[in-house]
Amino acid sequence: MSRTGLGTLFALVLAACNGPDGTGADSGTATGLCADAPVVTYANFGKGFVTQHCQSCHASTTPDRHGAPDAVAFDDEASCWQYADRILARATGPEPDRPPQGGVDDDDRYLLEVWLTCGG
């Protein structure tokens with residue numbers, strides 16, 4: 001199964017149940033994606049990814065949010081976890097539609113999926 005196929009599968013699993021911390025994220029003890037995935041954290045990946053690909057529309061200080069809902073801002077790690085299921089659904093999987101301008105390669109989408117699925 002491809003990485004994007006795994007993304008769809010795990011997004012569906014996450015929609016059905018929450019991890020132990022209530023964020024929807026897996027604690028990293030699961031089999032499958034998290035078993036052999038690299039350690040991906042907000043510090044070593046998430047912050048840079050969100051800054052580069054998301055905050056042009058999803059920062060509370062962005063003057064032109066290009067139609068993004070005012071309440072959906074990714075200003076820090078906690079706000080990313082608050083919307084982890086939505087981020088996974090929109091930015092990973094076989095047909096991601098975020099960011100709308102594209103520009104995210106498959107490797108970075110995979111790392112995004114690992115971070116938000118495995119809870120690193």
Side-chain angles (χ1 to χ4, degrees):
M1 181 177 285
S2 71
R3 288 180 183 169
T4 55
L6 283 173
T8 300
L9 174 64
F10 279 95
L12 291 171
V13 169
L14 283 174
C17 62
N18 279 332
D21 61 358
T23 64
D26 180 330
S27 67
T29 60
T31 59
L33 178 69
C34 299
D36 297 318
V39 175
V40 183
T41 66
Y42 182 76
N44 73 11
F45 173 78
K47 182 176 183 177
F49 182 92
V50 169
T51 300
Q52 181 177 358
H53 297 292
C54 308
Q55 288 186 340
S56 62
C57 298
H58 290 285
S60 61
T61 57
T62 298
D64 182 2
R65 296 175 57 87
H66 303 282
D70 289 339
V72 182
F74 310 139
D75 292 334
D76 54 27
E77 184 175 10
S79 59
C80 292
W81 284 113
Q82 179 181 354
Y83 295 102
D85 290 345
R86 288 177 71 179
I87 296 168
L88 281 167
R90 302 292 302 266
T92 65
E95 296 183 34
D97 63 357
R98 292 295 179 262
Q101 74 275 16
V104 179
D105 65 36
D106 288 344
D107 289 340
D108 278 349
R109 287 193 192 275
Y110 167 72
L111 292 173
L112 176 66
E113 179 182 2
V114 168
W115 171 47
L116 293 176
T117 300
C118 303

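Note that CG of D106 is 11.0 Å distant from CG of L111, once rounded to the nearest 0.5 Å. Atom-to-atom distance recorded for S60:OG and D76:CG is 9.0 Å, nearest 0.5 angstrom. Within the model, atoms CZ of R65 and CD of Q55 stand 10.0 Å from one another, a figure rounded to the nearest 0.5 Å. To the nearest 0.5 Å, the span separating OH on Y83 from CZ on R90 amounts to 13.5 Å.
Ring pair Y42/W115 is tilted by interplanar angle, where 30° to 60° counts as tilted.
Between D75 and A59, the shortest heavy-atom contact is OD1-CA, 3.3 Å. Nearest heavy-atom pair across F74 and C80 is CB-SG, 3.9 Å.
Under the side chain to side chain contact (heavy atoms under 4.5 Å, CB included) test applied with Y110, the options T92, L33, D105, V40 reduce to a single match, L33.
When side chains are defined from C-beta on, T62 does not count as touching C57, because their heavy atoms never get closer than 4.5 Å. Using a 4.5 Å heavy-atom cutoff, the side chains of L112 and H53 are not in contact. A 4.5 Å side-chain heavy-atom check between F45 and V114 finds every atom pair outside the cut-off.
Side chain of R98 to backbone of L88: no donor-acceptor contact under 3.5 angstrom is found. Side chain of D108 to main chain of G103: no donor-acceptor pair is present (N/O by atom type, distance under 3.5 Å, no hydrogens or angles). With R109 contributing its side chain and A91 its backbone, the two residues share a donor-acceptor pair below 3.5 Å.
Dense packing is recorded around CG of D97, with more than 12 heavy atoms of other residues, nucleotides or ligands lying under 6.0 Å away.
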